[in-house]
Amino acid sequence: MKKLRQVFFALLAVAAIGVLVFLLRMTQSVDADLHRSRLERIQVVGNLDVLLNRQFTGSRVSSLADSVTDRSGTTGQLDTALNALDKDVGALRGLTPEIDKALDAFLDTIESKFELAFDSEARNTLLTQRLINSMDAVPTYADAVTTAATDAQREEVRNLTMQVKTEIVNFGVTPTPPAAAAGNIRALLEQLQAMAPPTPPPAPVAEGEPQFEPEDPPFTKAVKGLRDRSEEVIADKTELVAKLRDFLDRPTGAQLQALEQAYMAWHESQVAVANQYRTYLAAYAAALLLVLAFLGFRLARSFREIDRANADLSHANEHLEEQVTARTKDLSTALQDLRASQAQLVQSEKMASLGTMVAGVAHEINTPLGYARSNTEIVRNSLDDLRGLITAQDKALTLMTSQNASDEEVAGALGEAEGLRATLNPAETMEDLGNLLKDTDFGLVQIADLVSSLKDFSRVDRSRTDLFDINSGIDSALKIANNLLKTRIEVVRQFGELPQVECSPSQLNQVFLNLFTNAAQAIEGEGKIYIHTTAETDGVVVRILDTGCGMTEEVRARIFEPFFTTKAVGKGTGLGLSIVFRIIEEHGGRIDVRSTVGKGSEFVVRLPLKQKRHSGDTAGSAAPELAAA
Amino acid sequence: MDDVAPAKARVLFVDDEPRVLTTMRMLFRSRYEVFFAESGQAALDLLKTQPVDVIVSDQRMPGMTGIEMLRAARDLNPNAMRILLTGYSDLNAIIGSINEGEIFRFVNKPWMNDDLSTTVARAVAAAKASMAAAAAAAPASTENADSASVQPGADAAGVLVMDDDPRVPPQIQTILGPTFKVYGATSMNEAVEQLEKNQIGVVISDTRVQDHPVVSLIGTLKQHHPELVSVILTDRADAGSAIELINQGQIYRFITKPIHDSQCKIAVNSAVRQHQRLAASPVLQQRYEVEAPAVPPPVAAGGTGLLDRVKSLRSWVRRLGS
């Protein structure tokens, strides 16, 4: 039951911790570091994209090779960054469909940008190269124009060509030249054209390069050259710019932003969920705290109780010593009392057996004493009568023999004597008296026997360790117990030839008397007691069998315990058989009991022939104790 | 000796010791027609064919104790007086002989021949008297009825309880119920006063009151007012005082404390009936004659004066009866 409770509480605790862990995990689902790294990754991609754009736009003829190298480096970095965004640990993919869509769009665009860059690489290089070449050629052609110009116009032409050169350079160098720039250049070229001399330019033309001006004057030719170059530059640049615009117009930035926004939206929702769980966690924590507080309160209470118990205990400990002393004193007093009362009980048991004995003996003695005394009284009275008769007869005889007695006197005396004789009937009286005296003798002998039995029984005049005939001991005990037995119990003796046994006769007599008394008490109404004695090689065996009520196994097992009694309170002390047991034990003998309820009991006493001699006399050592008890 | 008058009393002696019987024969054969039995069973067998006036029995005998025999004999031969002659008897035997055997006397062995003769003679006289009363019972019944009607219900006679403990009388009253009038006394003086004032038929007493044995008071009461019936109620019973009380006080019942309601009620009821019988037939009172103590016992706290008062108590029964 208790174990079940413990298991239940353990499960409860585990469940509570599990819920706590779950809630904690839910609140921790928004990983700030991951979030930051993700944002960084987006930023890195954005930066790299911008860088790529710049590199793409900022490529110069002069550093063409470098820029290609730079670009391929950036492309590599961008590739890595994209991977980080797309596939690596902590990537954005898979978070929500929106993010995936934005990511896919962005990836597609940037992919197309890569392809575009890769595709136009060669063309661009060519164009750029050509542009550079054309641009490099423009000054030469401009100088040629200036040279071809007339002196008067030279300054103006120089200015114009200068302007054209500047515009071309600006146009060529500016990554995305303003739309008007090409027009400006063309306008300048038109101005130059306009400055050309009329159809047949005069001599001044010949001044410049007179040898070949078959159809066109050298100025026009020079302007035309300049114009061609310029147109080349414009055409190349325009193509380049168109390509660049195409490249730049890919909406990577916007898409990245969209991705970021989608991601942020997801993040916000995550944060919202986390916040919700945080609320739950707070509530749960509060509840747990309440439970803990309750447990704590209970714990505190039990601690208080333990404290109190501890205090009591320490108090008790402090007083233990005196308590022990007091208890010890009490116990020793109780022990003394117990010893005293045991002694008293043993004494009262002795007195009780003595009482039984005295009752029996008194009756046994009083009966013969009664008739003996009565008889002597009768005899005395009869003797008086006889004396009277004798006196009368004497008188008659004296008178008869007397010389001077008258016949009347003699007759009177004779008549008187005869009358007395007739009433007394002396023959019968004498016989009666004889019988009475015989009875009296018999009674006196009985009394003497009994007294001698008593003397034998108590053996006060014999030494404690003596050679003793067990059979005669049994006889004297039977005589003592006779009053208990004779009215209703038949005693059957089967005595064997017994060697004399070394023992304490008075104690053994007590044993036998006790056993006979018990046997008699066990017999309700009429019954028999069988007494059987036999000699064995090293001792004697006395069997005492009664036809009494017997006893149960429980009773049989305890009958030798002191104070165990089946008799009513006040009828027996329960010491009789325990004393019997002790006496036999101290004689080195054994007593065994067999009993059947309703049939009877058998006590078997075994006694050794000789007493063991150790530390003085054994039987003697027991005797004073019992005698004192 | 054989040609004795037919009125010669018949006495039965019972003892398992034949020599005792021999002695009895020698002692009594000249005066009575004597019968002998060596066991209780033999005595009962004899009683079935031969009514006797007096039975003298030993207590301890094989087969059947004296009390058992006397109880059975009481049923067989109710008019016979019963005497127990024994060498030693424990208290239970004595109480049993009083309550069950309703014995006349208790004689200890060894006995004095003169005393035994006197006791037997008294028993014989009592037996004769009660026999005469029994014979007269039938014709005298109307007379008795008359006297009974004069006295309004003999159960009106009160019960006097003498005990040191003042709680005992109310307890007895509770046990007996309201039909009995119970008077209490915690001393002999009080008891005599109550006896003077009230109609008392039954005296219930402890063996000692205020540490004085009541045997002399009970004895004197019985001597002079034989119609009074005594019941002893005590917790300090001893054999000696019980024997004295039966021999000198003719106590009718002997019960021991603690009081058992039913036992007490039966005893008192029986005692009241006994009182009614005695009051109705004074001749019967001889059956319960007591022996005067050899030496008048010294009675303290009242002395002989008290006993004199007892002697001079108004005998209302006689007064009413006359």
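Every chain is numbered from 1, with letters handed out A, B, ... down the list of sequences.
For the residue pair A/T547/A/K528, the side-chain donor-acceptor check at 3.5 Å is not satisfied.
When each of A/L369, A/T440, A/I365 is checked for heavy-atom pairs under 4.5 Å with chain B, A/L369 comes out on top.
The cationic atom of B/R10 (NZ for Lys, CZ for Arg) does not lie both less than 6.0 Å from the six-membered ring centre of B/Y32 and within 45° of the ring axis.
Contact between B/P18 and B/E38 at its shortest, heavy atoms only, is CB-OE2, 3.6 Å.
With a 4.5 angstrom heavy-atom cutoff, A/I378 touches chain B via backbone and side-chain atoms both. Looking at A/E490, neither its backbone nor its side chain comes within 4.5 Å of chain B, counting heavy atoms on both sides. No part of B/N108 comes within reach of chain A, as not one of its non-hydrogen atoms sits under 4.5 angstrom from that chain. Residue B/M24: no heavy atom, backbone or side chain, is found under 4.5 Å from chain A.
Counting heavy atoms of neighbouring residues, nucleotides and ligands inside a 6.0 Å radius, atom NZ of A/K395 does not exceed 12 of them.
Ion pair A/D384/A/R387 flagged as a salt bridge, since at least one NZ, NE, NH1 or NH2 atom sits closer than 4.0 Å to an Asp/Glu carboxylate oxygen.
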